[in-house]
Amino acid sequence: MNLFDQYGNPIIKKQFDQNEVTSKNLTPVVSPENPNLEIVKAGTSLGTTDLFDENGNARFEVRLIAKQLLDSTHKITIYSEVAHATVSVDVN
């Protein structure tokens, strides 16, 4: 998943490292809601290490925390002020 600002410019790890952009405004939402899926975070809120891998590539991790009874598809959307990014995840 790539992260972009509201003007379509890519957001890169360096912007987080220099505090030009902060993760405080990022809100991940799983829909439809599934208690067996969680957005993996190092702390109580998303941080730079949750949004970028060791090479600086944008990413986030979703974990299945319990066995799913039925196959399902979920949309995971990360909102940041006026911008957002969405990805679909199949759970089976």
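In this chain, residues are counted from 1 in sequence order.
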Quick one: salt bridge (charged side-chain N to carboxylate O under 4.0 Å, His left out) partners of D53, sequence neighbours excluded?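 In terms of salt bridge (charged side-chain N to carboxylate O under 4.0 Å, His left out), with neighbours along the sequence ignored, D53 is linked to no residue.
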
Which residues pass the salt bridge (charged side-chain N to carboxylate O under 4.0 Å, His left out) test with E61, not counting sequence neighbours?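 So E61 forms no salt bridge (charged side-chain N to carboxylate O under 4.0 Å, His left out) with any residue.
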
Could I get the full list of side-chain contact (heavy atoms from CB on, under 4.5 Å) partners for L69, not counting sequence neighbours?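 Once residues adjacent in sequence are excluded, L69 has no partner under the side-chain contact (heavy atoms from CB on, under 4.5 Å) criterion.
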
List in chain and number order the residues that pass side-chain contact (heavy atoms from CB on, under 4.5 Å) with V89, two or more places apart in sequence or in another chain; answer none if no residue qualifies.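 For V89 the side-chain contact (heavy atoms from CB on, under 4.5 Å) partners, ignoring immediate neighbours, are I76, V91.
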
Give every residue pair that meets the salt bridge (charged side-chain N to carboxylate O under 4.0 Å, His left out) criterion with at least one member in residues 8-19, sequence neighbours excluded.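 Only K13-D17 qualify under salt bridge (charged side-chain N to carboxylate O under 4.0 Å, His left out).
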
If a pair satisfies salt bridge (charged side-chain N to carboxylate O under 4.0 Å, His left out) and one of its residues is in residues 37-47, list it, with sequence neighbours excluded.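 Of all non-adjacent pairs touching residues 37-47, those that pass salt bridge (charged side-chain N to carboxylate O under 4.0 Å, His left out) are E38-R63.
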
Check residues 29-36 and write down every donor-acceptor pair under 3.5 Å in which the side-chain atom is one partner and the other belongs to a residue at least two apart or another chain.
unit_1, atom_1, unit_2, atom_2, d
N34, OD1, N36, N, 2.7
N34, ND2, Q68, OE1, 3.3
N34, ND2, H74, NE2, 3.1
N36, ND2, Q68, OE1, 3.3

Say whether, by atom type as modelled, one donor and one acceptor occur between the side chain of Q15 and the main chain of I12 under 3.5 angstrom.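 Judged by distance alone, yes, a pair lies under 3.5 Å.
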
Of all pairs that satisfy ring pair (Phe, Tyr, Trp, His ring centres under 6.0 Å), the ones with a partner from residues 26-47, not counting sequence neighbours: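 Residue pairs with at least one partner in residues 26-47: there are none.
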
Suppose we screen for side chain to side chain donor-acceptor pair (under 3.5 Å). Which residues come up paired with T73, at least two apart in sequence or across chains?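 For T73 the side chain to side chain donor-acceptor pair (under 3.5 Å) partners, ignoring immediate neighbours, are D90.
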
Separation of Y79 OH from T86 OG1 (nearest 0.5 Å):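 The distance works out to 6.0 Å.
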
Consider only side-chain heavy atoms of I, L, V, M, F, W and Y, link residues closer than 4.5 Å, and tell whether I39 and I78 are in one cluster.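 Yes: a chain of side-chain contacts under 4.5 Å links I39 to I78.
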
For the student: nearest non-hydrogen atoms of V40 and D50, plus distance: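 Minimum heavy-atom contact is O-OD1, 4.0 Å.
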
